[in-house]
Amino acid sequence: MARTQVAIIGAGPSGLLLSQLLHVNGIDSVVLERRSREYVARRVRAGVLEQGTVELLQRAHVGERMLRERLVHDGFELGFDGKTTRVDLHALTGAAVSVYGQTELTKDLIEARSAAGAKLLFEAGEVSIEGFDGAHPRVHYAHGGRRHELHCDFIAGCDGYHGVCRRTVPAQSMQSFERTYPFGWLGILADVPPASRELIYSNHARGFALCSMRSLNRSRYYVQCGLDENLESWTDARFWDELRRRLPAAVAEAVITGPSVEKSIAPLRSFVVEPLTFGRLFLVGDAAHIVPPTGAKGLNLAAADVRVLYGALVEYYRTGRRESIDGYSAQCLRRIWKAVRFSWWFTSLTHKFSDDPFNHRLQLAELDYLTGSPAALGSLAENYVGLPFDGAG
Ligand code: FAD
Ligand code: DHB
């Protein structure tokens, strides 16, 4: 029978980072991932890291390539009413954000874990968990054509929104909060220089658009789309045309087009489960909460959960004290709800919810107010760069 201290379900950013931070602190873990290594390393998702996430990666000894290759952004642009206005993050908060793709981060983490000889099992099937309400949690899974049982002290459910861990908890033990939005994001990746040096979030009567990037030669663009849209109907030409129509003219002219290397649609959702802890099971990252991507908070929030959990586990194994473990859920939820609120607000401000021109006029008035008020801009900026960790949840 195999045994580890912490069984981690899921090798997304949460599971890999938790495993790496535990390893750096002498705590053993096994990571079980249902997808293949290639699939996990290829998935294109988030692109903006808060400074707190950057520091956590350094603490995990996986920051070297990121510090070399990231693009530091001191601000971003808000596009509306035919023009752009810069939000000077650095002047407003003293902080900046880093553009570094989740794909690259995941590669760095997988490499670091593999180099350390980690028990990182890809293509682990039929994962199930039990016994976490008692002293002896167990994980069952299939791997290499055989069934296995893993005994552990704790289980970390890092298995995303569709994972098995949250679904194993009896429904009466948790409360879920959910909001779905009547649209999604259609995103493309193309090996062309970005339209602008910084990101541009654009409110337009036709719907939201976002100009982002992965590097100086790789652009990431999104347009708001309907939930029933079919990816095949979005040829590259149609995408570029729609993107340009939703951007201020000067930006539209600067967009350099090229063949897409990836194209996908993601629905938008806010979701939180409470609590995050069930006996010896902890839910972490997307397994416990989802935010619409507008504020670039999903990945950063996952990293914030990991920061609290690894600290609590290190304290437990060093001292036997359970206070931090017991406080994991409440501490994380304070930050989670603030990010849920910010992401909902930023989405509401920038997306088209209906054809009612009254709503669009209200958004334009709020954007006009926001960009003219240092106080309002300060609030946007401090949320965007990431709220502080000291006591603020
Ligand atoms: P995940 O990355 O979802 O990882 C969970 C892992 O668990 C996966 O590898 C999965 O295969 C594995 N797993 C699931 N079930 C099982 C099982 N039964 N057994 C074993 N393993 C299992 N955030 C942003 O900030 N900006 C963005 O632009 C952005 N775009 C996104 C686009 C999409 C399509 C999605 C889904 C998310 C996006 N996000 C974005 C959110 C961000 O990517 C997530 O918040 C982040 O990936 C969370 O990491 P995680 O490790 O908690 O979960
Ligand atoms: C990206 C995604 C976001 O949700 C965001 O707010 C900024 C950038 C991106 O994928 O590059």
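Whatever order the structure lists them in is the order used to number ligands and atoms, beginning at 1. Nothing here was measured: the structure is a model prediction, and the numbers come from that model. All values below were derived from every heavy atom in this structure, side-chain atoms included, with hydrogens, water molecules and symmetry-related copies excluded. Quick note: residue numbers are just sequence positions, from 1.
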Which residue from [options] reaches closest to [atom] through any of its heavy atoms?
{"atom": "atom 50 (P) of ligand 1", "options": "Gly285, Ser14, Gly47", "value": "Ser14"}
{"atom": "atom 27 (C) of ligand 1", "options": "Pro13, Pro292, Ala46", "value": "Ala46"}
{"atom": "atom 19 (N) of ligand 1", "options": "Ile290, Val127, Ile265", "value": "Val127"}
{"atom": "atom 46 (C) of ligand 1", "options": "Gln102, Arg166, Glu50", "value": "Gln102"}

*Tell me, please, whether Tyr161 has Arg166 positioned over its six-membered ring: NZ or CZ under 6.0 Å from the ring centre and within 45 degrees of its axis?*
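Yes, Arg166 sits over the ring of Tyr161.
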Give one line per pair: atom of ligand 2, protein atom, distance. Only N/O to N/O under 3.5 Å.
residue	atom	partner	partner atom	Å
ligand 2	4 (O)	Pro293	O	2.5
ligand 2	6 (O)	Tyr201	OH	2.7
ligand 2	6 (O)	Pro293	O	3.3
ligand 2	6 (O)	Thr294	O	3.1
ligand 2	6 (O)	Ala296	N	3.4
ligand 2	10 (O)	Arg214	NH2	2.8
ligand 2	10 (O)	Tyr222	OH	2.6
ligand 2	11 (O)	Ser212	OG	2.6
ligand 2	11 (O)	Arg214	NH1	2.6
ligand 2	11 (O)	Arg214	NH2	3.4

Report yes or no: do [X] and [Y] form a side-chain donor-acceptor pair below 3.5 Å?
{"X": "Asp286", "Y": "His162", "value": "no"}
{"X": "Thr347", "Y": "Thr294", "value": "yes"}
{"X": "Glu130", "Y": "Ser128", "value": "no"}
{"X": "Arg220", "Y": "Tyr222", "value": "yes"}

_Given His143, Arg34, Arg147, the one that forms side-chain hydrogen bond (donor to acceptor under 3.5 Å, both in side chains) with Glu126_ = Arg147
*Considering the options Arg245, Arg238, Arg246, which one meets the side-chain hydrogen bond (donor to acceptor under 3.5 Å, both in side chains) requirement together with Glu242?*
Arg246
If we only count heavy atoms from C-beta on, is the [X] to [Y] side-chain gap below 4.5 Å?
{"X": "Met66", "Y": "Val54", "value": "yes"}
{"X": "Leu299", "Y": "Arg45", "value": "no"}
{"X": "Leu78", "Y": "Leu370", "value": "yes"}

*Provide the closest heavy-atom pair for Asp159 versus Val164 in the form atom of the first, atom of the second, distance.*
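Result for this residue pair: OD2-N, 2.7 Å.
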*asked:* Please find the pair of heavy atoms, one from Thr85 and one from Phe80, that lie closest to each other, and give the distance.
replied: OG1-CE2, 4.1 Å
What are the atoms of ligand 1, with element, lying closer than 4.0 Å to any heavy atom of [X]?
{"X": "Lys297", "result": "25 (O)"}
{"X": "Cys158", "result": "5 (C), 6 (C), 7 (O)"}
{"X": "Gly163", "result": "15 (N)"}
{"X": "Leu32", "result": "20 (C), 21 (N)"}
{"X": "Tyr222", "result": "28 (O)"}
{"X": "Ala266", "result": "34 (C)"}
{"X": "Gly298", "result": "25 (O), 45 (O)"}
{"X": "Ala296", "result": "25 (O)"}

How far is [atom] from the closest protein heavy atom, and which atom is that?
{"atom": "atom 4 (O) of ligand 1", "value": "Gly12 CA, 3.4 Å"}
{"atom": "atom 14 (C) of ligand 1", "value": "Asp159 O, 3.1 Å"}
{"atom": "atom 21 (N) of ligand 1", "value": "Arg34 N, 3.2 Å"}
{"atom": "atom 12 (C) of ligand 1", "value": "Glu33 OE1, 3.2 Å"}

*Linked, directly or transitively: Val48 and Leu387 (ILVMFWY side chains, under 4.5 Å)*: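 No, because Val48 and Leu387 fall into different hydrophobic clusters, even though each may have its own neighbours under 4.5 Å.
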*Would Phe346 and Tyr201 count as a ring-ring contact (aromatic ring centres under 6.0 Å, His included) if you check the C-alpha gap in whole Å, the side-chain angles of each, and the deciding distance to 0.1 Å?*
CA-CA 10 Å; Phe346 204 24; Tyr201 293 82; 5.1 Å; yes
[X] versus ligand 1: do any nitrogen or oxygen atoms come within less than 3.5 Å of each other?
{"X": "Gly15", "value": "no"}
{"X": "Asp286", "value": "yes"}
{"X": "Arg35", "value": "no"}
{"X": "Arg43", "value": "yes"}
{"X": "Arg45", "value": "yes"}

*Given Phe154, which of Tyr316, Phe278, Tyr328 fulfils the ring pair (Phe, Tyr, Trp, His ring centres under 6.0 Å) condition?*
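Per the ring pair (Phe, Tyr, Trp, His ring centres under 6.0 Å) rule, the option paired with Phe154 is Tyr316, out of Tyr316, Phe278, Tyr328.
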For a quick test of your reading: what N or O donor-acceptor pairs under 3.5 Å do the side chains of residues 182-192 make, sequence neighbours left out?
residue	atom	partner	partner atom	Å
Trp185	NE1	His351	NE2	2.9
Asp191	OD1	Arg218	NE	2.6
Asp191	OD1	Arg218	NH2	3.2
Asp191	OD2	Arg218	NH2	3.2

